[in-house]
Every structure is written in C-alpha cells, then in structure tokens.
Amino acid sequence: MQIFTCPFCGPRDETEFHFAAEAGKKRPIPAETVTDDEWAEYLYMNSASRGKAQEVWLHVTCGEFFLMTRDTVTRDVTAVTSLPGRNA
Amino acid sequence: MKRYSAFSLFTEGLRGHRGWTPAWRKATPQPGYDAIIVGGGGHGLATAYYLAKNHGVPRVAVLEKGWIGGGNTGRNTTAIRSNYFYPESVALYDLALRLYEGLSQALNYNIMLSQRGMLIAAHTPTQMEICARIANAMQLNGVDGELIGAEEALQRVPLLNRTADARYNCMGGVWQQRAGIARHDAVAWGYARAASALGVDIIENCTVTDLLIESGKITGVETDKGSIRAERVGLAAAGATPGLASMAGIRLPIHTYALQAFVSEPVKPMLDTVLLYLGTGTYVSQSDKGELVFGGGLDRVPTHGQRGNLPAQEAVVSGLLEMFPAFAQLKLLRQWAGVVDVTPDSSPVIGPAGPEGLFLNCGWGTGGFKAIPAGGWLLAHLLATGGHHEISRPFDLDRFARGRLIDEAAGSGIAH
Ligand SMILES: Cc1cc2nc3c(=O)[nH]c(=O)nc-3n(C[C@H](O)[C@H](O)[C@H](O)COP(=O)(O)OP(=O)(O)OC[C@H]3O[C@@H](n4cnc5c(N)ncnc54)[C@H](O)[C@@H]3O)c2cc1C
Ligand SMILES: [Zn+2]
C-alpha cells in the first residue's frame, strides 16, 4: 500500500486518491476559434512519460484537486502542492 | 523450416529429442530493410509474418529490446473473444478470432487454442438488460453470442457461489461459445518461427533509442546496435509506444497502467470455461496444467513499472473468493504485472502518424492478446501499401479529432 499526501488532509492511503490528468494543459480559448485538432489535443493527448511526471490528482474523500510530482517508474513522490491560486 | 508433426515428434522421441533445431534464427541487424517493426510482442511478430506472407515484402526486421514475447504478450491471461458492441470492433476482433481458429495450421505451430466458451455473468436485472443488449449487438453483427439464464449458467459453472449469503448471485449472462484461451508464448514463438522461415530478421536485445526523420519522412531508427535504415517503420510497443512516438513529436491518447495477473497452485479440472463476473470485475480460467489463471481491473496509478500494487491485488483476490468461496484454500503461486496502453475509448490506435512512412499499432490496453492476428494483419497492410485496410480505418488516430470514438468501455464494459 502506498501513502500519498493530500495538501489539505495529510498522508492517506492510495485508494483514497484518483488520478485526474497530466498537469500543464491549458484549455484553448476562445471556443469559436479552436480547431478540432487543438480540442482533441486538449481533451485526449498525453505524454505518458517514463520517469519524472507532474500530474493533477484528486483526493476523493475531501474533494481537493492538487499537483503531485512523482516518478512513474519507481513510484516515488517528490512533491505535492496545491493547485496554483488555491491558497491565494 | 523443419515441419512439426506427430511423426517428427515420434521420431525425435526415439532419438532422445536431440535433433530439434532452434525455432527461429538469431539475426544481427543489416544496414537497411524495406520495413522495420519496433517491438517483438505478438502484434510486432504477426506484422512481420503477414508482411512477408501476404505482401511478399522481402527485407523485414523486428527489433525487440528484451526477448520476444517478454512484454504484455507473455504476461497476459489469454482470454480470446469477440463479444464487442460496435460493428467496427466486431469486424476487428472477429477477424482476429477467425485467424486464430486456423493459426496452428497456418503457422505449423500448436498455439493450443481452446474454444471453451466464455460467460459474462450478471447479477441484477439491469446487468441482464445490458447483457441482452450485448448479445443482440453480437447477433446483429453476425457473431455467435447468446443470452443465457441462471440455470444454464450454473450448469456451465457448477461451482459458482450460490449460498444464501452470496453478495453476487448469478442471474445468467452473455455466452460466447467460440471464445476461449490459447498459449501466449506459442503465439509469439509460432509467428516468430514462421516469419523467420520467410526471411524476417528477428533481433532481440536491440532497443530503439530514436526515430530518424528527414524532411518529413521516416528514414530509419537509431538503436543500441547502431542505426538501421528503412522507409517504413511500424511501432508495436504497447506501453512504450508513447515514448517512441514522442521521438517523432507525436502525442498519443494513451495512459499507461499496470495490469496484474495471478496464478494459483494446480488443482484437478473444475472450471472448463472462461468466466467474467460483472459484480466483482474478476475473471478466471483454468490452465491445462490445472492452475487457476485470474485477473481483474487496472491498478489505478499510472505507471511504467512492471509490477502491481496491493489494493488491486486485494480487489481481484477477494472478487475470486466471492465467486468461488472454496478457492480460499488455494495457494497463490505467482503474481505479476504488465504495463498496458489504455485509450479513452478502450479501442486501439492503428494507422499512420507524423512523418511519412511511420505507422502505429498500439492502445490495445488490457485486451490486445485476442487481437494479435488482426493487429498484425492490419499493420502489415499499412506498411506494405501505405494505406488503411477497411477494417483498420475507423481506428485511425484521427478519430479523436473527428469525434468518432469507438467507446467499447461504455459499449460492452470491456475487461480483457
Ligand atoms: C496481466 C495482463 C493480462 C492480460 N489479459 C489479457 C487477456 O486475457 N486477453 C487479451 O486479449 N489481452 C490481455 N492483455 C493485454 C495483452 O497482453 C496486450 O494487449 C497484448 O499482448 C499487446 O501485445 P503487443 O505486441 O502490442 O505488446 P507487447 O507484447 O508488450 O510487446 C511490445 C514489445 O515492445 C518492446 N519494446 C518496448 N520498447 C522498445 C524499444 N524502445 N525498442 C525495441 N523494443 C521495445 C517490449 O520489450 C515488448 O516486448 C493482458 C495484459 C496484461 C498485462
Ligand atoms: Zn484531502
């Protein structure tokens, strides 16, 4: 069992967390000018990279979305931070 | 190629089995090929075989970073079926099943296909309605599939849990008689042997480290054994495909997850079908050696590490015990995981991508063993002709921009 740390609640079981998306995607706007390819890229395309990755996770039990930096091979977590603007 | 037969087995037996020769040549890379396939799993090896066999392409190489069949092909639980929902999927998976049905003969290699039937078991009236919908879709698509009731289901799997306190009672489900299992290594080795006999170079311990591209065209690959030229390159590297595609600046609609499998100690024959429980998500079959081979859903943490986590193990094992409480007495022999390439619609990606001459066969996720003959057939068609076969066209990467997803996760609730 791996322990992930929610920035709001602290360390919890991995089963309480849900992977949401790779971090760093920006929703393309304005909608009228967005091409099908740009929209598909935003909705579906990923890096799925080996090694260091930054991802958005959800702590399901408290509802907090946050950023997790971890290694996708070793599964080591190096940082968890609130989403930008969360604590502003 | 020395043909295998009952006679050759018999005569070799008399000679103490000293006359067998390696099933395929160990090749060293040539400077260039007509086509290169990256990944020596089932899909890559089948592609090489059909390139040589169907299209007569003379110089073909399969580059495999480890040993052939050492990826997901050698790690999977070998459930074969074509009970999908959408016509596009049925065309694809039924092509695979039809090729599987003749494969031992075609390859002169016993892949031990056992069409023992598969039951998808339902537990609620709603699930029965979903099963009816799947069975209807299969029949409309011309594939064998029927809705069966509790009585017939329990006849087929008499040991199913029907105690008063069972959490999931079996109400019936979808039955496909042509579904079954095959020997995974034999599929990889059979294709390798037949391809090698047709002149294909199978090069193991050869990692592709870069894709060579000149003015928008693929010109070869860089490997740890030097660069190898080819104007046609096919990627069939399962969970490693996103990393390879990124070398050509291509991003894919893929997340990689670990999928686990489990094997119990061998017991006497007691289960002669493949069984999937909708309630627990666990599925199981019994191997010829008597071991129970079972698995379930994905680990929910994206990864490239080929090992599983404990929560998924607990879910799968407890699911099995709910289905067959008596199995609690069995010992687990082995557990392992493979890194599977999961798409948002649970359908594969087959088609051209990025530079001219580059083609993909990936995104098979948790269910691509059953598709190996078709995946190879279709990627070979792309590599040889440069264009789609009508069956692969709907699975092109462009479906994501066109909004034409083939959502089998929603359509048939796929699991392997
Ligand atoms: C536990 C488990 C259970 C499964 N159960 C089923 C099932 O019951 N039924 C079913 O239909 N499917 C099942 N699957 C899915 C199935 O195994 C896969 O979809 C299928 O085997 C994929 O075949 P492939 O040839 O595309 O990939 P693989 O067999 O993974 O082959 C890809 C190869 O590419 C090689 N490679 C990677 N990177 C490089 C590189 N840079 N250079 C050279 N080579 C490289 C790898 O070493 C690997 O050998 C299961 C999978 C797992 C993990
Ligand atoms: Zn929290």
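Naming: A, B, ... by sequence-line order, numbering from 1 per chain.
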SB check B:D398 B:R393 (cutoff 4.0 Å) | yes
Test salt bridge (charged side-chain N to carboxylate O under 4.0 Å, His left out) applied to A:E14 and A:R75, step by step = CA-CA 12 Å; A:E14 64 178 282; A:R75 304 193 185 199; 5.6 Å; no
Which bit of B:S246 is near chain A, if near means a heavy-atom gap under 4.5 Å: side chain, backbone, both or neither?
-> neither
Identify whether the distance between the nearest side-chain nitrogen and carboxylate oxygen of B:R399 and B:D345 falls below 4.0 Å.
-> yes
Sequence-distant partners of B:F395, ring-ring contact (aromatic ring centres under 6.0 Å, His included), two or more places apart = none
Among B:D341, B:N309, B:I250, the residue with the most heavy-atom pairs under 4.5 Å to chain A is B:N309
Test of ring centre spacing under 6.0 Å for A:F4 and A:W57 = yes
Which region of B:A258, side chain (C-beta onward) or backbone (N, CA, C, O), has a non-hydrogen atom less than 4.5 Å from a non-hydrogen atom of chain A, or is it both or neither?
-> side chain
Could you look at B:V301 and say if it's the side chain, the backbone, both or neither that has a heavy atom under 4.5 Å from chain A?
-> both
If one checks every heavy atom of B:R402 against chain A at 4.5 Å, the contacting part turns out to be neither
Closest heavy-atom contact between B:Y257 and B:D299?
-> CD2-O, 3.3 Å
Mind checking whether B:T256 and A:R50 have side chains closer than 4.5 Å, heavy atoms only?
-> no
Relative to chain A, which of B:L252, B:I254, B:T241 shows the most heavy atom pairs under 4.5 Å?
-> B:L252
Per-pair distances, 0.1 Å, donor-acceptor, side chain in residues 349-363 of chain B, under 3.5 Å, sequence neighbours excluded:
unit_1 : atom_1 : unit_2 : atom_2 : d
B:N361 : OD1    : B:W364 : NE1    : 2.4
B:N361 : ND2    : B:H43  : ND1    : 3.3
B:N361 : ND2    : B:G375 : O      : 3.3

Heavy-atom distance under 4.5 Å to chain A: side chain of B:P344, backbone, both or neither?
-> side chain
Residue-level contacts of residues 31-41 of chain A with chain B, using a heavy-atom cutoff under 4.5 Å = A:D36, A:D37, A:A40, A:E41
Counting only heavy atoms closer than 4.5 Å, note whether A:S49 contacts chain B via side chain, backbone, both or neither.
-> backbone
Mind checking what makes side chain to side chain contact (heavy atoms under 4.5 Å, CB included) contact with A:N46, not counting sequence neighbours?
-> A:E22, A:K25, B:H255
